[in-house]
**Student:** 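Pasting a structure here, questions to come.
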Number of protein chains: 2
Amino acid sequence: MNIGLLLFIPNRYVENRMLAAVVNAGFEVTQAQARVLMRVGPEGTRLTELAEAAQVTKQTAGFLVDQLEQAGYLERVPDPTDGRARLVRVTEKAKFAVPVANEEMARMEAEWEQHIGKRRMAQLREALEMLGEITDPYR
Amino acid sequence: MNIGLLLFIPNRYVENRMLAAVVNAGFEVTQAQARVLMRVGPEGTRLTELAEAAQVTKQTAGFLVDQLEQAGYLERVPDPTDGRARLVRVTEKAKFAVPVANEEMARMEAEWEQHIGKRRMAQLREALEMLGEITDPYR
DNA sequence: TTGTTTTAGTCAGATTCTCTGATTAAAGTA
DNA sequence: TACTTTAATCAGAGAATCTGACTAAAACAA
């Protein structure tokens, strides 16, 4: 089985479960919105950065941020260091979603560790982190 | 860094490079089409199976197969074992795309092995295969 | 300083992808 | 045979994404 597919399966699984957890906690977001939302940093992030991190065009990122802003999960504030830019920030309302997502992720990791063992889990993480060095276009 | 993101990054990288390789070889397919196309087995595959493997609804799979059929990359033939079903098969035209994709994947694997080492690569594969047991909804 | 180029973001419009719900026909089952 | 499930499609809608053109601020070069 090719490694692309091997990566795809658990990745899809994680996305599904994290989204389900967040939605279940009462946050009405879609998968695409969630992908943007989870990349907003604690101090706010520029739209362009969000677009790059989520691998979509600025227009798409803007479209999703618009929706999240309307839903009250994000807000745009001027970037004090650059008159052209604006910082996208998570609102109080959405802050509660972050721990929900993190807890679900932690739960999955625990389940995985249970299944494959602590050692393999550490190896997996190490290998993936190193792969990130050559496969992450934005670092 | 959470393991979801760690899985996401190389997965996206693989998808991008495989698609680029195939497109570069003259096959005009989109990412979504490619995801379906790569899951068609050598003896043909039912639409329902394709949908499950690619994690989309039957309608979506059908829509993409329609396009691939129109482009001459896939064909539908009756399933001799089930009057309701039809087998989706890769045409001669598209058969040439398969090795292109496989070679690119092999190239990536070699690059990765180069970067993280043979041992870690084997560990990565082992861990992912085991994770598939609990994260693949269709097995 | 002025003119040029780059960067951040938006607007407009179109295309692509994906879904829900309903339907048809064949297969399996009681 | 009658009922239920399964494979696939039709119809329609919604979500996500793109390309191209544009504005304004910043960075840079002469």
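Naming convention: chains lettered A, B, ... in sequence-line order (proteins, then strands); numbering from 1 in each chain. Because only heavy atoms are used, hydrogens play no part in the values below, and waters and symmetry mates are left out as well, while side chains stay in. Computed from a predicted model, the values in this text were never measured in an experiment.
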**Student:** What is the separation between atom CG on B:L47 and atom P on C:dT24, rounded to the nearest whole Å?
**Tutor:** 19 Å
**Student:** On the six-membered ring of B:Y73, is B:R89 placed so that its NZ or CZ lies under 6.0 angstrom from the centre and within 45° of the ring axis?
**Tutor:** no
**Student:** Rounded to the nearest Å, what distance is computed from the CZ atom of residue A:R35 to the C1' atom of nucleotide D:dT17?
**Tutor:** 11 Å
**Student:** To the nearest angstrom, how far is B:F63 atom CZ from D:dG12 atom P?
**Tutor:** 16 Å
**Student:** Starting from the 5' end of DNA chain C, give me the residue, B:K58 or A:R84, whose nearest nucleotide shows up first.
**Tutor:** A:R84
**Student:** Scan B:D79 against the nucleic acid and name what it touches under 4.0 Å (heavy atoms): base, sugar-phosphate only, or nothing.
**Tutor:**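 Since no nucleic acid heavy atom lies under 4.0 Å of B:D79, the category is nothing.
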**Student:** Between A:D66 (CG) and C:dC11 (P), how many Å, whole number?
**Tutor:**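 For the pair A:D66 CG and C:dC11 P, the rounded distance is 8 Å.
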**Student:** Answer with yes or no whether B:Q59 presents, from its side chain, a donor or acceptor under 3.5 Å of a partner atom in the base of C:dG21.
**Tutor:**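 When only heavy-atom distances are counted, B:Q59 does reach the base of C:dG21 through a donor-acceptor pair under 3.5 Å.
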**Student:** Does the distance from a Lys or Arg side-chain N to an Asp or Glu carboxylate O, for A:R84 and A:D79, drop under 4.0 Å?
**Tutor:**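 So A:R84 does not pair with A:D79 through a salt bridge.
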**Student:** For B:E52 and D:dA8, give me the distance from atom CD to atom P, rounded to whole Å.
**Tutor:** 10 Å
**Student:** Would you tell me if any nitrogen or oxygen in the side chain of A:T48 comes within less than 4.0 Å of OP1 or OP2 on C:dT7?
**Tutor:** no
**Student:** Whole angstroms only, please: what is the CD-C1' distance between A:Q55 and D:dA16?
**Tutor:**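 In whole Å, D:dA16 C1' and A:Q55 CD are 15 Å from each other.
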**Student:** Look at A:E103 together with A:R107 and state whether they make a salt bridge at an N to O cut-off of under 4.0 Å.
**Tutor:**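 No, A:E103 and A:R107 are not salt-bridged.
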**Student:** Taking 4.0 Å as the cut-off, does a side-chain nitrogen or oxygen of B:T60 come that near to OP1 or OP2 on C:dC19?
**Tutor:** yes
**Student:** Quick one: is A:T30 getting a side-chain N or O under 4.0 Å of the D:dA16 phosphate, OP1 or OP2?
**Tutor:** yes
**Student:** Are any of the side-chain heavy atoms of A:K95 and A:T91 separated by less than 4.5 Å?
**Tutor:** no
**Student:** Please walk me through it: do B:L19 and B:E15 pass side-chain contact (heavy atoms from CB on, under 4.5 Å)?
**Tutor:** CA-CA 6 Å; B:L19 183 66; B:E15 288 200 338; over 6 Å; no
**Student:** Closest approach to the side chain of B:L64, judged atom by atom: which nucleotide of C:dC17, C:dT20, D:dA25 is it?
**Tutor:** C:dC17
**Student:** With a 4.0 Å cutoff (strictly under), does any side-chain N or O of A:R46 reach OP1 or OP2 of C:dA8?
**Tutor:**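 For A:R46, the contact criterion (side-chain N or O under 4.0 Å from OP1 or OP2 of C:dA8) is met.
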**Student:** I need the CD-C1' distance between B:Q31 and D:dC18, as an integer number of Å.
**Tutor:**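 Checked: the CD to C1' distance equals 14 Å.
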**Student:** Write down the distance between CG (A:N16) and P (C:dT18), rounded to a whole number of angstrom.
**Tutor:** 13 Å
**Student:** Does a side-chain N or O from A:R76 land closer than 4.0 Å to OP1 or OP2 of C:dT10, or not?
**Tutor:**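 For C:dT10, OP1 or OP2 has a side-chain N or O of A:R76 closer than 4.0 Å.
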**Student:** Any side-chain N or O of B:R86 below 4.0 angstrom from OP1/OP2 of D:dT9?
**Tutor:** yes
**Student:** Pick base, sugar-phosphate or nothing for B:G62, based on heavy-atom distances below 4.0 Å to the nucleic acid.
**Tutor:**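 No contact.
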